Amino acid sequence: MTTDGFITCLWFDGQAEEAAQYYVSVFKNSAIGRVGRYTEAGPGPAGSVLVVEFTANGQKFVALNGGPQFTFNEAISFQIMCADQEEIDYYWTRLTEDGGEEGPCGWLKDRYGVSWQVVYDRMPDLLGDPDQEKAARTMKAMMAMGKLDVAALEKAYAGE
């Protein structure tokens with residue numbers, strides 16, 4: 001097995017190139033790589049985009065124009081660990097713009113139907129605190145939120 005990690009393949013219905021360009025515009029440390037096209041052998045129209053290799057936030061992806069057979073759902077999501085409210089606000093805004101959908105507890109779907117969790121990077125510590133009352137207060141606060149509110153989460157954790 002390769003030691004370069006995994007490459008995530010995202011299945012699109014004709015939007016692979018557009019989606020890759022969008023993700024590259026949202027995340028730092030991102031770039032478009034090779035673009036592969038269908039040949040006369042098909043099954044897509046010759047010359048149309050088959051795959052686009054891209055990197056988003058240092059992670060490798062392939063966007064595939066596979067057709068309408070498969071769509072995204074919440075069973076798979078990407079977590080974006082954010083240091084502060086400014087980062088949360090940025091990703092929340094960018095990923096819900098132009099047709100994205102806000103969800104509960106920091107979850108959202110982007111315009112392509114890909115699910116994302118925009119997470120405060122202290123959440124594992126807050127929710128996993130050995131003091132069950134602190135963890136419970138934090139969980140209760142988070143469950144009432146769409147986009148995470150760092151100040152409200154920290155206040156709940158502190159019992160304020």
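Note that these values count all heavy atoms, side chains included, but never hydrogens, waters or copies made by symmetry. Here the structure is a predicted model, which is why all the values come from computation and not from measurement.
The two residues Val49 and Val52 make their nearest non-hydrogen contact at CG1-CG2, 3.6 Å. For the pair Leu148 and Gln85, the tightest heavy-atom approach, listed with the atom from each and the gap, is O-NE2, 3.0 Å. Closest approach of Ala56 to Ser30, counting heavy atoms only: CA-OG, 3.2 Å. Residue Tyr120 comes nearest to Met81 through the heavy atom pair O-CE, 4.2 Å, listed as atom of the first residue, atom of the second, then distance. Closest approach of Tyr38 and Pro45 over heavy atoms only: CB-O, 3.4 Å.
One distance of note links CE of Met139 with SG of Cys105; it measures 8.0 Å at 0.5 Å rounding. Here the CD-OG1 distance, from Glu97 to Thr93, works out to 8.0 Å after rounding to the nearest 0.5 Å. Here the straight-line distance linking atom NZ of Lys28 with atom CG of Asn57 works out to 9.5 Å at 0.5 Å rounding. Here Asp129 contributes atom CG and Arg137 contributes atom CZ; the two are 9.0 Å apart, rounded to the nearest 0.5 Å. Between the CD1 atom of Ile76 and the OG atom of Ser115 there is a distance of 9.5 Å, given to the nearest 0.5 Å. Note that CD of Glu154 is 8.0 Å distant from OG1 of Thr138, once rounded to the nearest 0.5 Å.
The side-chain heavy atoms of Leu108 and Glu101, taken from C-beta on, include no pair separated by under 4.5 Å. Side-chain atoms of Leu153 and Met145, non-hydrogen and from C-beta on, do get closer than 4.5 Å to each other. Within the 4.5 Å cutoff, no side-chain heavy atoms of Leu50 are placed close to those of Asn65. Val119 places none of its side-chain heavy atoms less than 4.5 Å from the side chain of Ile80.
Between the side chain of Tyr90 and the main chain of Val26, a donor-acceptor pair closer than 3.5 Å is present.
Contacts of Tyr91 classified as side chain to side chain donor-acceptor pair (under 3.5 Å), with partners at least two apart in sequence or in another chain: none. The side chain to side chain donor-acceptor pair (under 3.5 Å) search around Gln79 returns Gln117, not counting sequence neighbours. Listed by chain and residue number, Trp92 satisfy the side chain to side chain donor-acceptor pair (under 3.5 Å) test with Glu102 (two or more places apart in sequence, or in another chain).
Residue pairs satisfying the salt bridge (charged side-chain N to carboxylate O under 4.0 Å, His left out) criterion with at least one member in residues 65-87, sequence neighbours excluded, are listed as follows: Glu74-Lys109. Applying the salt bridge (charged side-chain N to carboxylate O under 4.0 Å, His left out) definition to pairs two or more places apart or across chains, those involving residues 41-57 are Arg34-Glu53.
For Glu133, the CD atom counts as loosely surrounded, since its 6.0 Å shell holds 12 or fewer non-hydrogen atoms of other residues, nucleotides or ligands.
Two different hydrophobic clusters hold Phe78 and Val62 under the rule that ILVMFWY side chains link at heavy-atom gaps under 4.5 Å. Both Ile88 and Leu95 belong to a single network of hydrophobic side chains, linked directly or stepwise wherever heavy atoms of I, L, V, M, F, W or Y lie under 4.5 Å apart. Val118 and Tyr112 fall within the same hydrophobic cluster, where Ile, Leu, Val, Met, Phe, Trp and Tyr residues are linked whenever their side-chain heavy atoms come under 4.5 Å apart, directly or through other members.
Donor-acceptor pairing under 3.5 Å is lacking for the side chains of Thr96 and Arg111.
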Acceptor/donor pairs from residues 6-17 side chains to any protein atom, 3.5 angstrom cut, sequence neighbours excluded:
from  : atom 1 : to    : atom 2 : distance (Å)
Trp11 : NE1    : Gly67 : O      : 2.8

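Screening Phe61, Tyr22, Trp116 for a ring-ring contact (aromatic ring centres under 6.0 Å, His included) with Phe27, the sole residue that qualifies is Trp116.
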